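Here the structure is laid out as structure tokens; the discussion comes afterwards.
Lettering follows sequence order; numbering is per chain, from 1. Please read these numbers as outputs of a predicted model, since none were measured by experiment.
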2 protein chains.
Amino acid sequence: MLTIGKLGEAAGVKVPTIRYYEQIGLLPEAERSAGNQRLYGRKAMERLAFIRHARDLGFTLEAIRDLLSLSDRPDQSCAAADAIARAQLAEIESRLARLTALKAELERMVVQCAGGKIADCRVIEVLGDHSLCATDHRHPESEVPS
Amino acid sequence: MLTIGKLGEAAGVKVPTIRYYEQIGLLPEAERSAGNQRLYGRKAMERLAFIRHARDLGFTLEAIRDLLSLSDRPDQSCAAADAIARAQLAEIESRLARLTALKAELERMVVQCAGGKIADCRVIEVLGDHSLCATDHRHPESEVPS
DNA sequence: CCTTGAAGCTATAGTTGCTAGAGACATTAG
DNA sequence: CTAATGTCTCTAGCAACTATAGCTTCAAGG
Ligand SMILES: [Zn+2]
Ligand SMILES: [Zn+2]
Ligand SMILES: [Zn+2]
Ligand SMILES: [Zn+2]
């Protein structure tokens with residue numbers, strides 16, 4: 001049985017994050033020691049590793065919640081899990097497309113600036129006027145974390 | 001003079017967002033009509049367009065605050081502005097690198113799943129075990145929005 | 001002129017995924 | 001035994017908005 005600190009160390013997750021996952025119900029309530037400290041066994045560690053890995057792949061906690069409850073029903077079809085993964089892939093692809101456009105615009109700005117006074121700065125100028133941009137990079141949908 | 005609604009429409013910014021920008025000091029306090037409603041002129045519109053465009057290019061509000069105060073001093077060197085833009089470019093490039101790795105892993109997962117039961121689902125399996133991944137995609141630094 | 005509906009006002013709370021702090025209790029090394 | 005570290009709960013804060021509630025003001029139609 002590991003204390004929360006050891007578990008965090010083992011899984012590469014900070015202690016408050018583990019408590020947070022428990023609080024929102026992603027991790028079950030941990031066993032407690034005589035002195036009321038959380039104790040974790042192998043199952044908790046695997047579950048935490050799953051969560052952490054999915055987070056590292058960009059899944060939201062909501063998606064992870066669904067994936068976890070699916071993985072608790074091994075006999076069912078995996079179609080739902082695959083759909084979540086495909087949705088995540090689509091999300092990543094759309095962010096990639098957007099970031100690629102942003103990168104191109106930022107490179108243009110930086111390259112075009114001759115480096116004089118603010119009044120002549122291409123960076124400031126372009127920021128003030130999207131029609132100076134080469135691509136349409138404007139924000140299509142919601143802002144999501146990476 | 002535009003009302004806040006017309007300004008938002010013209011600039012592609014929601015009304016509460018404009019009020020929010022004023023509240024945090026990105027936009028100056030607007031003039032008010034006799035009935036206490038905000039009124040905006042061309043300068044406010046340009047400033048809002050600048051903010052919006054910079055946001056669309058992924059700059060944080062903090063960076064935009066700095067860029068705006070730089071653009072208010074046209075005689076100074078633009079080195080600071082260029083540095084902010086280059087930092088933003090670097091940030092975008094690092095997000096791109098990460099997302100590219102994520103995309104590859106997600107594609108692998110999705111493609112490898114034969115689509116049977118959860119117990120045999122490659123998606124669930126890989127999520128539980130990073131050593132099944134082809135690349136090291138783990139989260140390096142802080143989570144930042146796109 | 002009056003009414004009605006849209007648009008505006010303030011203030012507060014919610015979103016996501018944590019992170020940081022305060023103040024108290026538990027455990028462990030020396 | 002004591003000191004240092006770890007853990008406990010609870011609360012608040014971060015970015016960048018978004019949503020809600022309960023008002024007031026405005027513009028247009030009858
Ligand atoms: Zn410049
Ligand atoms: Zn642009
Ligand atoms: Zn599957
Ligand atoms: Zn992995």
Side-chain angles (χ1 to χ4, degrees), chain A residues 1-27 29-40 44 48 51-68 88 91 95 139-146, chain B residues 1-27 29-40 44 48 51-66 68 88 91 95 138-146:
Chain A
M1 291 303 231
L2 301 171
T3 64
I4 195 169
K6 300 293 176 192
L7 176 67
E9 210 172 324
V13 180
K14 287 176 190 151
V15 166
T17 303
I18 300 174
R19 287 195 281 246
Y20 171 70
Y21 289 161
E22 177 182 314
Q23 190 194 312
I24 64 170
L26 263 193
L27 288 175
E29 293 199 10
E31 277 181 66
R32 297 298 181 114
S33 73
N36 197 39
Q37 302 197 346
R38 288 172 181 83
L39 291 178
Y40 297 93
L48 180 57
I51 296 171
R52 197 62 247 164
H53 194 206
R55 282 297 293 138
D56 285 343
L57 286 164
F59 289 88
T60 66
L61 293 182
E62 253 321 286
I64 294 171
R65 195 187 296 277
D66 294 345
L67 288 166
L68 280 169
Q88 174 64 12
E91 170 71 34
R95 277 190 229 167
H139 215 95
E141 59 245 48
S142 60
E143 189 100 348
V144 205
S146 141
Chain B
M1 292 303 231
L2 301 172
T3 64
I4 196 169
K6 300 294 177 191
L7 176 67
E9 210 171 325
V13 180
K14 286 176 190 152
V15 166
T17 303
I18 300 174
R19 287 195 281 247
Y20 170 70
Y21 288 162
E22 177 182 314
Q23 190 194 311
I24 63 169
L26 261 194
L27 288 175
E29 292 199 11
E31 279 181 65
R32 298 296 182 116
S33 73
N36 197 38
Q37 302 198 345
R38 288 173 180 84
L39 292 177
Y40 297 94
L48 181 56
I51 295 171
R52 197 63 246 164
H53 194 208
R55 282 296 294 134
D56 284 343
L57 286 163
F59 289 87
T60 66
L61 293 182
E62 253 320 285
I64 294 171
R65 196 187 294 278
D66 293 345
L68 280 169
Q88 174 63 13
E91 170 70 33
R95 277 190 231 166
R138 271 164 307 171
H139 216 98
E141 61 245 46
S142 60
E143 187 100 346
V144 204
S146 144

Return the nearest nucleotide to the side chain of [X]; candidates are [options].
| X | options | answer |
| --- | --- | --- |
| A/Arg32 | C/dT19, D/dC8, C/dG8 | D/dC8 |
| B/Arg52 | C/dT10, D/dC17, D/dC8 | D/dC17 |
| A/Leu61 | D/dC17, C/dC18, D/dC8 | C/dC18 |
| B/Arg19 | C/dT19, D/dT7, C/dT10 | C/dT10 |

Exercise for the section: Start with the C-alpha distance between B/Leu68 and B/Ile64, add both sets of side-chain angles, then the distance that settles side chain to side chain contact (heavy atoms under 4.5 Å, CB included), and finish with yes or no. Expected result: CA-CA 6 Å; B/Leu68 280 169; B/Ile64 294 171; 4.0 Å; yes
Exercise for the section: Kindly say whether B/Gly58 contributes a backbone atom to a donor-acceptor pair with the side chain of B/Gln88 at under 3.5 angstrom? Expected result: yes
Problem - Stepwise side chain to side chain contact (heavy atoms under 4.5 Å, CB included) test for B/Val13 and B/Leu7 - result: CA-CA 8 Å; B/Val13 180; B/Leu7 176 67; over 6 Å; no
Between [atom2] of [N] and [atom1] of [X], the distance in whole Å:
| X | N | atom1 | atom2 | result |
| --- | --- | --- | --- | --- |
| B/Glu22 | D/dT18 | CD | P | 17 Å |
| A/Lys6 | D/dT5 | NZ | P | 14 Å |
| A/Glu31 | D/dT7 | CD | P | 16 Å |
| B/Glu62 | D/dC17 | CD | P | 13 Å |
| B/Gln23 | C/dT12 | CD | C1' | 11 Å |
| A/Lys14 | D/dC8 | NZ | C1' | 20 Å |
| B/Ile4 | D/dT24 | CD1 | P | 19 Å |
| A/Arg55 | C/dC18 | CZ | P | 4 Å |

Completion exercise
Separation between CD1 (A/Ile4) and CD (A/Glu9), nearest 0.5 Å, reads 12.5 Å
Exercise for the section: Nearest 0.5 Å please: distance from the OG1 atom of A/Thr17 over to the CG atom of A/Leu48. Expected result: 9.0 Å
Please state whether the phosphate of [N], meaning OP1 or OP2, lies under 4.0 angstrom from any side-chain nitrogen or oxygen of [X].
| X | N | answer |
| --- | --- | --- |
| A/Tyr21 | C/dC18 | yes |
| A/Arg38 | D/dT7 | no |
| A/Thr17 | C/dC18 | no |

Problem - Side chain to side chain, B/Arg55 and B/Leu61, heavy atoms closer than 4.5 Å - result: yes
Could you write out each protein N or O paired with an N or O of nucleotides 25-28 of chain D at a distance under 3.5 Å?
residue: D/dC26; atom: OP1; partner: B/Gly35; partner atom: N; Å: 3.1

Ignoring hydrogens and angles, write down the donor-acceptor pairs under 3.5 Å from the side chains of residues 18-26 of chain A, residues two or more places apart or on other chains.
residue: A/Tyr21; atom: OH; partner: A/Arg52; partner atom: NH1; Å: 3.2
residue: A/Glu22; atom: OE1; partner: A/Arg38; partner atom: NE; Å: 3.0

